[in-house]
Amino acid sequence: MARRVVTGLLLLEAAGLLGALLLYRAMDRSQDFRYKMQKRFPSILEVYYKSNEWSGIHGIRENDQMAWLSSKN
């Protein structure tokens, strides 16, 4: 019984990790997707920006803001 519970928890954790990876890749590849995320889930987009800044990748937030401002005008 305990083994089934642990296996289930590990599978859930693996599914969550895979989902987070797929979400990160989608945000990393598409500025339009990041715009949708900004409108729907701004806190998740903030985590994306912070994780990139912590890893030494700077300027994504600024590039997005400039592109979104210029597209509105």
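The structure displayed is predicted, hence computed values, not measured ones.
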Any Met27 side-chain heavy atom under 4.5 Å of Ile44 side chain:
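With C-beta onward as the side chain, the pair touches.
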Under the 3.5 angstrom rule, does the side chain of Arg61 hit a backbone N or O of Tyr49 as a donor-acceptor pair?
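Not confirmed, Arg61 side chain does not pair with Tyr49 backbone.
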How long is the straight-line distance from [atom2] of [Y] back to [atom1] of [X], given to the nearest 0.5 Å?
{"X": "Leu11", "Y": "Leu18", "atom1": "CG", "atom2": "CG", "value": "12.0 Å"}
{"X": "Leu17", "Y": "Leu12", "atom1": "CG", "atom2": "CG", "value": "12.5 Å"}
{"X": "Lys36", "Y": "Leu45", "atom1": "NZ", "atom2": "CG", "value": "13.5 Å"}
{"X": "Leu69", "Y": "Gln65", "atom1": "CG", "atom2": "CD", "value": "7.0 Å"}

What's the shortest heavy-atom distance between [X] and [Y], and which atoms?
{"X": "Trp68", "Y": "Arg34", "result": "CZ2-C, 3.8 Å"}
{"X": "Asn63", "Y": "Gln31", "result": "O-NE2, 3.7 Å"}
{"X": "Ser70", "Y": "Ala67", "result": "OG-O, 3.0 Å"}

According to a 4.5 Å side-chain heavy-atom criterion applied to Ile, Leu, Val, Met, Phe, Trp and Tyr, with indirect links allowed, do [X] and [Y] form part of one hydrophobic cluster?
{"X": "Val47", "Y": "Met37", "answer": "no"}
{"X": "Tyr35", "Y": "Met66", "answer": "no"}
{"X": "Leu23", "Y": "Ile60", "answer": "yes"}

If the condition is side chain to side chain contact (heavy atoms under 4.5 Å, CB included), which residues does Ser51 pass it with, not counting sequence neighbours?
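Ser51 satisfies side chain to side chain contact (heavy atoms under 4.5 Å, CB included) with Tyr24 once adjacent residues are dropped.
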Suppose the criterion is salt bridge (charged side-chain N to carboxylate O under 4.0 Å, His left out): which pairs have a residue in residues 1-15, not counting sequence neighbours?
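Salt bridge (charged side-chain N to carboxylate O under 4.0 Å, His left out) check on residues 1-15 returns no pairs.
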